[in-house]
Amino acid sequence: MDTSKTSLKLQRTDSDGFILIAVLWILGALSVLASIYAVYVINTASAFATYDDHLKAEALVSAALELTAYRQQAAAQLRPTHGRFEFRLGKESAVVQYRSEDARIDLNKAPKQLLAGLFVALGASPDDANVYADRIIGWRTTPSNKQDSEALAYRMAGFTYEPREAAFPHVNELSLVRDLPMPLVERALPFVTVYSGRAQVNVLEAAPEVIAALPGMSKDLLDTFLAQRRASPGNAELLLPLLKDARQYVTVAGSKTLRVTVRITFDNGHREKAEVVILLFDKGDQPFAVLSWRDPFDQTIADNGL
């Protein structure tokens, strides 16, 4: 038997096995790299698609604001307190609704009675509601003397900050006000604003919770008022007498500040929503200014106090 040939055969077999394993490892690595690259390509395509939707959404919202401002300027002598319209831009469509911002209670302007009334309407006891209203007024009011009792109360309570003692720049700052329970703040946020600039609320547009906040508003009176508003929307001559002493806290005039809601449907069936607060101008090159802009892409593009 030729041992040299046998040895050579064994060496070739070992070498071929090593090469085969190396090739398999290389193929496996290439497969992993191909998978990673495929995921990268898919993610990149998705990112570009999302960015494309973002650009389309911005264009649609901007067009909605322009059309809203145009409709308001066309009826400048008698500004409507709300409105709704639809339009298309390319393959996308938008449904636009707008409403006077004074349908909400302004944290910077509302009197104590209105603030306390809102908290009572949201479930607080009258005594607690008066305390909460005092705390809000203390937060937004600049002290008139050297002794700052409100700031001292925050320090004594162990807070690491003091009250702003100036206007609320954003409704979310309500959560920082001393003594206000967070669940109550969360319930109040849909009914308050910092953009109205009015001490009164527009009873033609306000939510039932805001109407219930008016001083002297009983459940029976609230039900009567809401029923009359549904039967004769916009008829101030019928609605205002129902409010009696609360009339000093209300208005029916159109506002220059509007909250515009834009619901967008893309050509692929995807839907998005944006909510923008604008201030209309009667003169100048710009028809309006954006006070707040919120959408799923940018939580807050602009957010400035009025």
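Every pair passing salt bridge (charged side-chain N to carboxylate O under 4.0 Å, His left out) that includes a residue from residues 161-177 is listed here, sequence neighbours excluded: R155-E162, R164-E173. Contacts classified as ring pair (Phe, Tyr, Trp, His ring centres under 6.0 Å) and involving residues 224-262 (residues at least two apart or in different chains) are not found. Sorted by first then second residue, the ring pair (Phe, Tyr, Trp, His ring centres under 6.0 Å) pairs that include residues 87-136, not counting sequence neighbours, are F119-Y132. For residues 108-129, the pairs satisfying salt bridge (charged side-chain N to carboxylate O under 4.0 Å, His left out) are K112-D134, with sequence neighbours left out. Applying the salt bridge (charged side-chain N to carboxylate O under 4.0 Å, His left out) test to residues at least two apart or on different chains, the pairs with a partner in residues 214-243 are K219-D223.
Between F85 and T68 there is a side-chain heavy-atom pair separated by less than 4.5 Å. Considering only heavy atoms from C-beta on, V250 comes within 4.5 Å of L214 through its side chain. Side-chain contact between T193 and T257: absent, with no pair of heavy atoms (C-beta onward) separated by less than 4.5 Å. You'll find the side chain of V95 stays beyond 4.5 Å of the side chain of T265, heavy atoms only. At a threshold of 4.5 Å between non-hydrogen side-chain atoms, the residues L258 and F288 do not count as touching. Looking at I264 and V61, their side chains come closer than 4.5 Å, going by heavy atoms from C-beta outward. Between K256 and D282, the closest side-chain pair of non-hydrogen atoms falls below 4.5 Å. Taking 4.5 Å as the limit, some side-chain heavy atom of D267 sits within range of a side-chain heavy atom of K56.
Here the CG atom belonging to L115 is positioned 6.5 Å from the CD1 atom belonging to I105, to the nearest 0.5 angstrom. Here the straight-line distance linking atom CD1 of I278 with atom CG of L65 works out to 5.5 Å at 0.5 Å rounding. Atom CG of L60 and atom CG of L89 lie 5.0 Å apart (nearest 0.5 Å). L118 CG to L114 CG: the interatomic distance, rounded to the nearest 0.5 Å, is 7.5 Å. The CG atom of L204 sits 9.0 Å away from atom CG of N235, with the distance rounded to the nearest 0.5 Å. For the atom pair OG1 (T141) and CD (E150), the distance works out to 8.5 Å, reported to the nearest 0.5 Å.
Partners of R263 according to the salt bridge (charged side-chain N to carboxylate O under 4.0 Å, His left out) rule, which considers only residues two or more places apart in sequence or in another chain, do not exist here. With sequence neighbours excluded, the residues forming a side-chain hydrogen bond (donor to acceptor under 3.5 Å, both in side chains) with T81 are E205, listed by chain and number. Here F159 pairs with Y154, Y161 under the ring pair (Phe, Tyr, Trp, His ring centres under 6.0 Å) rule; sequence neighbours left out. Shown here are the salt bridge (charged side-chain N to carboxylate O under 4.0 Å, His left out) partners of R259, two or more places apart in sequence or in another chain: E101, E275. Remark: A206 engages V210, I211 in a side chain to side chain contact (heavy atoms under 4.5 Å, CB included) (not counting sequence neighbours).
Remark: R84 CZ is packed, more than 12 non-hydrogen atoms of other residues, nucleotides or ligands lying under 6.0 Å away. Around the OH atom of Y70, the shell of radius 6.0 Å holds no more than 12 heavy atoms that belong to other residues, nucleotides or ligands. Other residues, nucleotides and ligands place no more than 12 heavy atoms under 6.0 Å from the CG atom of D245.
V120 and V203 sit in two unconnected hydrophobic clusters of ILVMFWY residues. Membership requires side-chain heavy atoms under 4.5 Å apart, directly or through other members. Linking Ile, Leu, Val, Met, Phe, Trp and Tyr residues whenever their side-chain heavy atoms come within less than 4.5 Å places I137 and V171 in a single cluster. Hydrophobic clustering places M217 together with L242 (ILVMFWY residues linked when any side-chain heavy atoms are closer than 4.5 Å, directly or through intermediates).
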(request) In sequence, state the C-alpha distance, the side-chain angles, and the governing distance for Q228 and S232, and then conclude on side chain to side chain donor-acceptor pair (under 3.5 Å). (result) CA-CA 6 Å; Q228 184 64 63; S232 305; 3.2 Å; yes
(message) Run V96 and L67 through side-chain contact (heavy atoms from CB on, under 4.5 Å) and show every step you take.
(response) CA-CA 9 Å; V96 185; L67 290 170; over 6 Å; no
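Of the possible donor and acceptor atoms, none in the side chain of S100 sits under 3.5 Å from a partner among the backbone N and O of D102. Proximity of a side-chain donor or acceptor of R104 to a complementary backbone N or O of S196 within less than 3.5 Å is not detected. A donor-acceptor pair under 3.5 Å is formed between the side chain of D106 and the backbone N or O of G197.
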Return a table of donor-acceptor pairs under 3.5 angstrom between the side chains of residues 181-191 and protein atoms on other chains or two or more places apart.
| from | atom 1 | to | atom 2 | distance (Å) |
| --- | --- | --- | --- | --- |
| R187 | NE | L122 | O | 3.2 |
| R187 | NH2 | L122 | O | 3.2 |

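Connectivity analysis of hydrophobic side chains (ILVMFWY, heavy atoms under 4.5 Å, direct or indirect) links L238 to nothing; its cluster partners are none.
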